[in-house]
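Note sheet for the following structure.
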Amino acid sequence: MPSALPDGEPMPEDGTLPASALDGAASRPLGFYLHVPYCATRCGYCDFNTYTATELRGSGGVLASRDNYAETLADEVRLARKVLGDDPRPVRTVFVGGGTPTLLAASDLVRMLDAVRQEFGLADDAEVTTEANPESVDAAYLAELREGGFNRVSFGMQSAKQHVLKVLDRTHTPGRPERCVAEARAAGFDHVNLDLIYGTPGESDADWRATLDAALGAGPDHISAYALIVEEGTQLARRIRRGEVPMTDDDVHADRYLIADEVLGGAGFDWYEVSNWATSAAGRCLHNELYWRGADWWGAGPGAHSHVGGVRWWNVKHPGAYAAALAEGRSPGAGREVLSAEDRRVERVLLELRLRDGCPLSLLREAGLAAAGRALSDGLLAPEPYAEGRAVLTLRGRLLADAVVRDLVD
């Protein structure tokens, strides 16, 4: 089941933010994340805030129905307009995620986007993305999304090998994600991403290379590749505990990452974040860059997280509770925290170090600077950027990114 929400102070019923949250807002981009919490089935490795029809039955009633979900989410967008007041910023990015957003009708996703457009306006060059399950879209669906204003789509491919997909409980057939890329291009999408997962129990180096080759052959301009993380409480964790499948291996993950960087780099893809590669700057996911650079975003939907001006908050998780709050004119926020200057410094190091241009050494304290010097000597940080005052991970440093970050935030 989905993981627990963090602790925090109560959210005001009207969603009001501290006055400090909008200080300097004009200099920060604003994005929207729209969460669709529905899935046809639950994948064995997933602990996201998502629900199948069986999990919702009897626990949310009509309020939890996906039939009226688009209008419910639009209510939160209208609440965001009230909370942010006369904030003049047009929205720079919109990202519809889940769950499986494409279980909803294309017209519902467009209706959600229209709510953002009507309340805030979109920047002229706004990036508008939806995630998509390859089996839940077709050419007509994608054409309707493109006509409605979406210009980027991210397909969950995971693997090209049937036995790997089976371990992950993915239901699409090999080859379908590649055909989806062609359909998206035909519909006029400027940018297309494929999400891949490596390190699944039973996957070989040859399987992973076949997946990369299939993904590249489809012609996307962006590829995300993530190591499989076994989260407690998931079906995959239970299968591993029972000995039905082997535990994932960190050394295997490292080998697969090196293969990915080699293959993708050889095909003209450059890494710009530890787990993300694009063929050009225009192909990068601008919405995710908002997260990594600490900009402002409003997360609408059950369990969605938001951040504006150093204030972070999160919504109630269950779709029924979420819809009930909005129906009663209350914020669906479950809690929030106001980040201190030190919190924000640490988060900048945590997130920016994962990016290709790294983080300024000026963000580091004395112990962090000493750790950066050791990381440089150990070949984990690149010498030239370091000499210019920035901590930038080398390829070896990317393999050990979490450990490097832990040392640098001291």
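We count residues from 1, following the sequence as given.
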Checklist entry - Side-chain contact, heavy-atom cut-off 4.5 Å: Leu380 with Leu399? => result no
Checklist entry - Considering only heavy atoms from C-beta outward, does the side chain of Arg152 approach that of Asn193 to under 4.5 Å? => result yes
Verify, without hydrogens or angle tests, whether [X] (side chain) and [Y] (backbone) share a donor-acceptor contact under 3.5 angstrom.
X	Y	value
Thr72	Asn68	yes
Tyr257	Val274	yes
Arg398	Ser275	no
Tyr272	Cys285	yes

Checklist entry - Listed by chain and number, what are the side chain to side chain contact (heavy atoms under 4.5 Å, CB included) partners of Glu135, not counting sequence neighbours? => result Asn133, His172, Thr173, Arg176
Checklist entry - How long is the gap from CG on Asp108 to CZ on Arg66, to the nearest 0.5 Å? => result 10.0 Å
State whether a side-chain donor-acceptor pair under 3.5 Å links [X] with [Y].
X	Y	answer
Glu76	Trp298	yes
Asp207	His163	yes
Asp23	Ser20	no

Item to check | Cation over ring face, Arg81 and Phe120, 6.0 Å, 45° | outcome: yes
Checklist entry - Taking the six-membered ring of Trp314 as reference, does the NZ or CZ atom of Arg336 fall below 6.0 Å from its centre and within a 45° cone about the axis? => result no
Checklist entry - Does the ring center of Trp208 lie less than 6.0 Å from the ring center of Tyr198? => result yes
